[in-house]
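Residue numbers begin at 1 in each chain, while the letters A, B, ... track the order of the sequences.
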Amino acid sequence: MSDILKITGLSVSAEDKELLHGVDLTIKEGETHVLMGHNGAGKSTLGCTIMGSPEYTVTGGSIVFDGEDITAESADKRAKRGIFLSFQNPIEIPGITLSEFLRNALEQVTGKRLKLWDFKKQLKAAMELIGMDSSYADRDLNVGFSGGEKKKAEILQLLILKPRLAILDETDSGLDVDAVKTVSKGIEEYRKSVGGTLLIITHNAKILEELKVDATHILANGRVAKEGDGNLAVKVLESGFENTLSGVER
Amino acid sequence: MNEKTQIQDIDRSLYDFRFDEDEGDFLDNGITPEIISEISDEKNDPDWMREFRQRSLEIYRRTPMVKWGASIEGLDVDNIVTYIRPKTRMNTDWEDVPENIKETFERLGIPQAERESLAGVGAQYDSELVYHNVREEVAQSGVVYTDLESAMHDPKYAEIIKSHFMKLVPPTDHKFAALHGAVWSGGSFVYVPKNVRLDIPLQSYFRLNAKGAGQFEHTLIILEEGSYLHFIEGCSAPKYYEAGLHAGCVELYVGKGASLRYSTIENWSKNMYNLNTKRALVEEGGKIEWVSGSFGSHVSYLYPMSILNGENASAEFTGITFAGEGQDLDTGAKIVHNAPNTSSYMNTKSLSKSGGKSTFRSSVVVNQNAEGSKSSVNCESLMLDSISRSDTVPSIVVKTDKCDVGHEAKIGRISDEAIFYLTSRGLSEEEARALIVRGFADNVSKELPLEYAVEMNNLIGLEMHGSVG
């Protein structure tokens, strides 16, 4: 399989402070990678930078997606290429319903007009799969949603938009056991039906149980401190970062 | 990658069209008792109106200029031609309307609108009504919709006009009310008899078309007990280099148990001083609903006032103001609770961009006799960039402790996080901004009749188009 994402020597700053110092990370198409690290290690910064957040400035290195350098591209163009970021704190947008928004976004990323009927059917099936009440479709995007429903809505978007690369930024955090199960189910479905590539940022072993993890990257202080296969993620979750990283220069 | 955004000027080419001035007799630029008397001659004013105009002129002369709020220094009233009439007189048949005037109206969509769903059209071209037609069904229901000047000469309405004209907004109210009293011209008279409920809205368009012309139309609406009316006022004017002045006056009398909805979209060109006065008097169990969208003008002073004068009377005000480059829009609403158990609800949104300034003033007065009254004021402002300005000036005067009064204000900017969230789903930055602004304005567009909601959404779309540099 070819590399879908190749990050080389990526340095990133925000408000004149360097947050990432030369990160290298490569993901092959169809793989599932886990990104771990302490709070403040730079995980979300990396996720947002891959998506093209204007909050962060790339000061060095490059991001190559599917063979093309996208380092300077805007977020909407990256979305159209098939990159998706599930937000840690999804934003509330009054005045547009979840359903209208998703249809609009889907038309943007696919560049095709959609038949309302087909879309509704697709949406209904996806909502059922992740146990989301259908009434949410007609509510304003994320407005007044509970934390759990916001995360479910992110997974719903993942299932509808079918990106080639999905970055899930702590989509499982702050959820109860049942909600984590539903989110996992959604991710599984995405793997199964779309066969997409995953970069999962998490602190939770639960969400990884059903997934075959191909690689683990541990960030510390804005650098990749350690890399390994799926077992590394399990090891970190069992024995903590300190033990896993002991002996590694940080 | 870190693109700085700047929202551009609205594309006004849609609105900025005009024809060569082909006007009748101009009057002297200044305002003297002789000019006022000439106006009276032209209009064949009844004696009481002749006196009223002259008295108003005296009041105008001794009333000082307003000194608060947005600056009106650029305005030189003495150089404004206050009264310009097109060569045509009243028409009730579209065929008789002259071609160039017709073309202007057609570009404004009036005949189409009429064909579709509107009950009657009273469109003011410069200072006089040139086309006025009320559909038969409206006339048959007993509803009177005509221009105020003709109605004044009709023995059936002469008395009712005399007893209501500028009683709610007296010439002593402020300088521009006095000016209005002296030079008013054109406008609408609507009378809805007892228990008549008009399901289709009545609509009027106002438009200025002559350089330097001021417009002083008067709208007088009287709703008898138990009646219902929706009146829509739409304004747009072409662009000029000299300062234009609009000092219209709207007086609304809402009878016992009657209900009036008064919707306005104002889209004056950006050289216009819009100093408009609107007021409603609501009797027992009656209801006034204002829906107001202010997009245009250089400077606006606009604060529709509702006086709740009978038990259980209520007022609702929904408004949106959008101030762009060079605009200083001072808008708001005033409610006076003057009877027990009255209620009011105010919900406004204001937007500012490209250095525009938008000020929202609310005034709620609860008199001693208004026990058991409720009032709720909610205003939100959104600034689209860091050079624009938004102010909120609330005033609450409560003279009884047996009432419930609330006020809430929010001021914000479009967050970068929200833009990033939407663009990460494939929307361009421009689309993302437009979507957020539409969402912000949503509660107002929901209140507007469909064609106006579409127009407002188009206006927002135009405002946001090409907004990302």
Contact origin within A:L106 toward chain B - heavy atom pairs under 4.5 Å: neither
Do B:F420 and A:P54 have side chains that approach each other closer than 4.5 Å (heavy atoms only, starting at C-beta)? yes
Would you find more than 12 non-hydrogen atoms of other residues, nucleotides or ligands less than 6.0 Å from A:K6 atom NZ? no
Value for NZ (A:K77) from OG1 (B:T423), rounded to nearest 0.5 Å, stands at 11.0 Å
Looking at CD of A:Q108 and OG of B:S428, how far apart are the two atoms once the value is rounded to the nearest 0.5 Å? 6.5 Å
Go through the atoms of A:P163 and report whether side chain, backbone, both or neither lie under 4.5 Å from a heavy atom of chain B. neither
For a side-chain contact (heavy atoms from CB on, under 4.5 Å) check, start with the C-alpha distance between B:L435 and A:I96, then their side-chain angles and the critical distance, and finish with the verdict. CA-CA 8 Å; B:L435 194 144; A:I96 186 161; 3.5 Å; yes
Working to the nearest 0.5 angstrom, can you tell me the gap between B:E417 CD and A:E55 CD? 6.0 Å
Give, as side chain, backbone, both or neither, the part of A:L85 having an atom under 4.5 angstrom from any heavy atom of chain B. both
If I measure from the heavy atoms of chain B, does A:E154 come under 4.5 Å with its side chain, its backbone, both, or neither? side chain
Take atom NZ in A:K150; do more than 12 heavy atoms of anything else shown fall under 6.0 Å from it? yes
If you tally heavy-atom pairs under 4.5 Å against chain A, which of B:I436, B:D416, B:L422 wins? B:L422
Is the count of non-hydrogen atoms from other residues, nucleotides or ligands lying under 6.0 Å from A:K80 atom NZ greater than 12? yes
Evaluate the ring planes of B:Y421 and A:F87, with Trp represented by its six-membered ring, and classify them as parallel (under 30°), tilted (30 to 60°) or perpendicular (over 60°). perpendicular
Does one side chain, of B:R425 or A:Q157, offer a donor that lies under 3.5 Å from an acceptor on the other? yes
First locate atom CD1 of A:I50, then atom OG of B:S424, and finally report the distance between them rounded to the nearest 0.5 Å. 13.0 Å
